[in-house]
Amino acid sequence: MELYKENQLKIYNSLSKTKEAFKPVHDGHIGMYVCGPTVYSNAHLGNVRTFMFFDVAFRYFLHLGYKVRYVRNITDAGHLENDADEGEDRIAKRARLEEIEPMEVVQRYTVDFHDVLKKYNFLPPSIEPTATGHIVEQIEMIKEIIEKGLGYEINGSVYFDVVAYNKNNHYGILSGRKIEDAIHNTRTLDGQSDKKNPQDFALWKKAGEQHIMRWPSPWSDGFPGWHLECSVMSSKYLGSQFDIHGGGMDLKFPHHECEIAQSRTCSGHDPVNYWMHTNMLLLNGQKMAKSTGNFILPDEILTGDNKVLSKAFSASVVRFFNMQANYRSILDFSSDALEASEKGYLKLMEAISSLANLSTQNSSSINISEWKQRCYAAMNDDFNTPVLISHLFEGVKFINQIKEDKASITAEDLVIFAATMNAFVFDVLGLLNDVKEQSSDKIDGVVALLIKLRKEARENKEWDLSDQIRDELLALGIQLKDGREGTTYSMS
Ligand code: AMP
Ligand code: ZN
């Protein structure tokens, strides 16, 4: 039986502001959409926090046996500076400053994003659509919104009429903003804006002469508004009503509020059943953000090359650090905090590595199935990873007690215990055992040295020494193989 049938998940829904029992639209299937990066610069560690949380949620769904379609887009057009309706496209600006094509900017930072995700052991989403790959669908959605009477064209640009929408709907339902306060950032010239109401937002913008990213449309040569792509791509790949939509808290307004308005206008119902928002990663007490320069890059963590770091840390330590906090709490980044996480992480890895060698007895001194249930209960409670980690550390304590003969476990329980520890640590939290990798690197180095010494011994016709190296390595389970390319080894 699939695990999801015996695990009732509860998800904190940002829309209802309560934890709700999770029930997918289609039994056994989950559709999840997460707003992806705007690829005009390198992703910073704050972005990684948000994407990493959804990676763990995705991993847990898979672990529970759900069939998941996880869509995470790439924003490669339409996201203007300051999330505003006027001003320069972030990607076009970067292209202009660097004197390269916008698509070169997109390519460079998409590759960098994927590179970071790989180093940090992310699972790839099921679909990764781009805004520029869905211009036709975006134009179609604008036509539909105009037909429904909630979009209007002025001077080649099309806006969403928030005030008209709000007569029969609740604009501000997600962010809690009142319509009077939900004013979209628009640069006005002499108090003049071409929008009817300051709350309205752009669906299509006419491109100025200088604007290099432009597509033909019934209204003008221009480009889509930033919010449109996510309504279009989520409904295209997940249907007009799907299970989960995620992103960072800062996307609630205006981005997700506008998505709801667009999608409701076209389908007549709410697009998303569970809205999930992650809280911010802070650096020096402030939100980590590209625009303020207050950020650290994921690669800098791995090299230690940033003045806020005392040393380099592995990607798994960063993962562990992130998972020690609840995703709905703010998290303060510091080198000291990472060092503390590293200690905990190493303790966990050391205990896990010794699981296979634990000796078993006729009885268990802890109730393994009750402990296992508590691990699941923590994740079922809105993905409470810090509580899960506290249970995993109970497991660590138990392992150490068994090693010291202060506790006992049966062979049957050990199988369940090891499988549960491994599943949560590696499959669900997505940690890697760096310790094992580091020690196998060390073994590689030591054996290479012995192979070199043996080769020198043979060249000097010191046969006893060369045989001794080969035989003693073999006794340790390391077999040398002489071939045309040189000597290699295998371990039993
Ligand atoms: P962007 O590329 O700016 O659209 O951001 C990509 C994702 O990272 C969005 O879901 C943001 O909400 C999220 N994000 C941005 N800054 C932070 C931060 N300091 N902490 C956590 N998430 C963030
Ligand atoms: Zn989005």
Side-chain angles (χ1 to χ4, degrees), residues 35 38-40 73-93 95 102-103 106 129-166 169 171 182-189 192-236 240 251 253-267 271:
C35 293
T38 305
V39 281
Y40 73 110
N73 68 307
I74 296 274
T75 296
D76 58 353
H79 195 168
L80 306 188
E81 288 178 288
N82 307 319
D83 296 348
D85 271 353
E86 300 283 339
E88 224 174 333
D89 181 295
R90 295 178 185 209
I91 288 159
K93 180 176 179 185
M103 278 301 134
V106 166
T130 62
T132 57
H134 296 76
I135 299 288
V136 172
E137 291 90 336
Q138 293 186 76
I139 290 174
E140 287 309 306
M141 191 175 234
I142 298 171
K143 284 186 193 161
E144 214 179 321
I145 293 172
I146 294 174
E147 268 166 36
K148 298 261 162 73
L150 292 180
Y152 60 90
E153 185 209 332
I154 291 187
N155 298 329
S157 291
V158 183
Y159 294 96
F160 187 95
D161 191 334
V162 170
V163 174
Y165 169 81
N166 196 51
N169 301 272
Y171 186 78
I183 292 173
H184 285 267
N185 195 351
T186 304
R187 201 174 42 181
T188 52
L189 296 168
Q192 301 268 309
S193 159
D194 50 6
K195 295 198 257 187
K196 281 207 280 195
N197 319 291
Q199 291 88 346
D200 297 351
F201 59 88
L203 296 170
W204 187 262
K205 289 295 291 180
K206 179 181 177 173
E209 301 244 312
Q210 306 297 322
H211 202 105
I212 30 187
M213 298 179 77
R214 55 206 298 146
W215 291 265
S217 82
W219 314 285
S220 62
D221 271 11
F223 54 93
W226 170 41
H227 317 301
L228 196 61
E229 62 176 280
C230 291
S231 284
V232 161
M233 297 190 282
S234 60
S235 59
K236 173 161 178 162
S240 68
L251 295 188
F253 183 86
H255 188 52
H256 291 159
E257 204 70 72
C258 297
E259 270 191 63
I260 294 176
Q262 293 163 157
S263 300
R264 276 185 64 87
T265 300
C266 295
S267 70

Notebook entry, point to check: Of the non-hydrogen atoms in I139 and P216, which two are nearest, and what is the gap between them?
Noted result: CD1-O, 3.5 Å

Next item on the list: Enter the distance from M141:CE to S263:OG here, rounded to the nearest 0.5 Å.
Entry: 4.5 Å

Item checked: K195/Y152 under side-chain contact (heavy atoms from CB on, under 4.5 Å): CA gap, chis, key distance, verdict -> CA-CA 9 Å; K195 295 198 257 187; Y152 60 90; 3.9 Å; yes

Checklist line | Shortest non-hydrogen contact from P102 toward I212 | finding: CG-CD1, 3.9 Å

Margin query: Using a 3.5 Å distance criterion without hydrogens, assess whether the side chain of D200 forms a donor-acceptor pair with backbone atoms of V162.
Written below: yes

Note to self: Nearest 0.5 angstrom please: I260 CD1 to T265 OG1, how far?
What the structure shows: 11.0 Å

Margin query: Apply side-chain contact (heavy atoms from CB on, under 4.5 Å) to residues W215 and T132 and explain how you reach the verdict.
Written below: CA-CA 9 Å; W215 291 265; T132 57; 3.7 Å; yes

Next item on the list: Decide side-chain contact (heavy atoms from CB on, under 4.5 Å) for S217 and W204; before the verdict, give the C-alpha distance in whole Å, the side-chain angles of both, and the deciding distance to 0.1 Å.
Entry: CA-CA 9 Å; S217 82; W204 187 262; 3.2 Å; yes

Next item on the list: Apply side chain to side chain donor-acceptor pair (under 3.5 Å) to E140 and list each qualifying residue two or more places apart in sequence or on a separate chain.
Entry: K143

Margin query: Can you give me the closest heavy-atom contact between M213 and H211, atom names plus distance?
Written below: O-CD2, 3.1 Å

Notebook entry, point to check: Stepwise, does the side-chain hydrogen bond (donor to acceptor under 3.5 Å, both in side chains) test hold for N197 with Y159?
Noted result: CA-CA 10 Å; N197 319 291; Y159 294 96; over 6 Å; no

Notebook entry, point to check: Relative to the ring of Y171, is the ring of Y165 parallel (under 30°), tilted (30 to 60°) or perpendicular (over 60°)?
Noted result: perpendicular

Checklist line | Polar side-chain atom of Q138 near backbone of V232 as donor-acceptor pair, under 3.5 Å | finding: no

Check: At what distance, to the nearest 0.5 angstrom, does OG1 of T130 lie from CD1 of I135?
Finding: 8.5 Å

Next item on the list: Looking only at non-hydrogen atoms, find the nearest pair between A164 and L150 and report the distance.
Entry: CB-CD2, 3.6 Å

Margin query: Once rounded to the nearest 0.5 Å, what's the spacing between atom CD of E229 and atom CD of Q262?
Written below: 10.0 Å

Margin query: Measuring from atom CD1 of I145 to atom CZ of R264, what distance do you get when rounded to the nearest 0.5 angstrom?
Written below: 13.5 Å

Check: Quick one: OG on S220 to NZ on K206, what's the gap to the nearest 0.5 Å?
Finding: 6.5 Å

